[in-house]
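What follows is a single structure, written as structure tokens, with notes after it.
Since the structure is predicted, the reported quantities are computational estimates derived from the model, not experimental observations.
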Amino acid sequence: MISATINDQQVDVEIIEAGGTSGTALEQAELDLIAAIDSRLREHDAFGQTYPRARLTRVDSNRMLQDTEEGRFYLRYHHDGGEAEFWGHVAETPAVDFERGIVAVDR
């Protein structure tokens, strides 16, 4: 596992490819999308109310999926009560389905 800085947070990163996991770094486009997903989620009222001091601790980038497929990016947050997990992807319309843990951002 490698690490990266995303929105001023030190994050563990796992890259998932056809042959399994790899120790390669995130590409700039992936970093940009993950930063956008994190920002979009933090702007959502329910996230801030439920996890006021949450910090992003882990990201999985599933390169076997297209950016537009749900599950492309996995984000794990640590908060006062434990862990929270969300799944991010690219969509035409940005949205957060807080109950399902789905976050969509546009390019």
Side-chain angles (χ1 to χ4, degrees):
M1 191 171 301
I2 60 170
S3 65
T5 301
I6 299 170
N7 291 344
D8 298 322
Q9 303 163 99
Q10 194 63 31
V11 180
D12 290 332
V13 176
E14 191 76 66
I15 304 295
I16 302 166
E17 297 181 306
T21 58
S22 74
T24 60
L26 289 167
E27 296 174 0
Q28 188 61 50
E30 291 172 307
L31 282 167
D32 293 344
L33 286 173
I34 294 165
I37 293 165
D38 177 58
S39 294
R40 177 79 180 152
L41 186 55
R42 289 179 185 284
E43 293 169 357
H44 193 268
D45 289 339
F47 184 84
Q49 292 169 1
T50 307
Y51 312 118
R53 288 176 295 282
R55 61 184 170 80
L56 183 60
T57 59
R58 179 181 171 139
V59 168
D60 289 1
S61 176
N62 187 344
R63 290 182 177 167
M64 294 185 300
L65 299 177
Q66 297 296 317
D67 290 348
T68 55
E69 293 182 78
E70 287 186 10
R72 171 64 169 96
F73 299 104
Y74 163 82
L75 292 82
R76 181 186 302 158
Y77 292 85
H78 180 76
H79 57 85
D80 291 343
E83 305 287 332
E85 300 175 325
F86 291 87
W87 299 91
H89 67 282
V90 173
E92 287 184 28
T93 305
V96 175
D97 184 335
F98 188 75
E99 313 228 328
R100 290 180 53 216
I102 306 292
V103 183
V105 297
D106 58 3
R107 289 195 193 266

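Proximity of a side-chain donor or acceptor of Gln49 to a complementary backbone N or O of Ala46 within less than 3.5 Å is not detected. Of the possible polar contacts, one joining the Arg42 side chain to the Ala54 backbone as a donor-acceptor pair under 3.5 Å is found. Formation of a donor-acceptor pair under 3.5 Å by the Arg76 side chain with backbone atoms of Thr57 is not found in this model.
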Practice task
Would you please test Asn7 and Leu56 for side-chain contact (heavy atoms from CB on, under 4.5 Å) and show each step?
Solution key: CA-CA 9 Å; Asn7 291 344; Leu56 183 60; over 6 Å; no
Problem - side-chain contact (heavy atoms from CB on, under 4.5 Å) evaluation trace for Tyr74 with Ile16 - result: CA-CA 11 Å; Tyr74 163 82; Ile16 302 166; over 6 Å; no
Problem - Full working for side-chain contact (heavy atoms from CB on, under 4.5 Å) between Glu30 and Val59 - result: CA-CA 11 Å; Glu30 291 172 307; Val59 168; over 6 Å; no
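With rounding to the nearest 0.5 Å, the separation of CZ in Arg58 from CD in Glu83 is 10.5 Å. Once rounded to the nearest 0.5 Å, the distance linking OG1 of Thr68 with CG of Asp106 reads 13.0 Å. Residue Leu65 holds its CG atom at 9.5 Å from CZ of Phe73, rounded to the nearest 0.5 Å.
Closest approach of Val13 and Ala4 over heavy atoms only: CG2-CB, 3.8 Å. Residues Ala25 and Arg63 come closest through the heavy atom pair O-NH2, 3.0 Å. Closest approach of Ile2 to Leu26, counting heavy atoms only: CD1-N, 4.2 Å. Closest non-hydrogen pair, Ser61 versus Arg72, comes out as OG-NH1, 2.7 Å.
At a cut-off of 3.5 Å, with distance as the only test, no side-chain donor of Glu69 or Asn62 sits close to an acceptor on the other residue.
Under the ring pair (Phe, Tyr, Trp, His ring centres under 6.0 Å) criterion, His79 pairs with Tyr51, sequence neighbours left out.
Aromatic ring pairs are classed by plane angle as parallel below 30°, tilted from 30° to 60° and perpendicular above 60°; the pair Phe47 and Phe86 is perpendicular.
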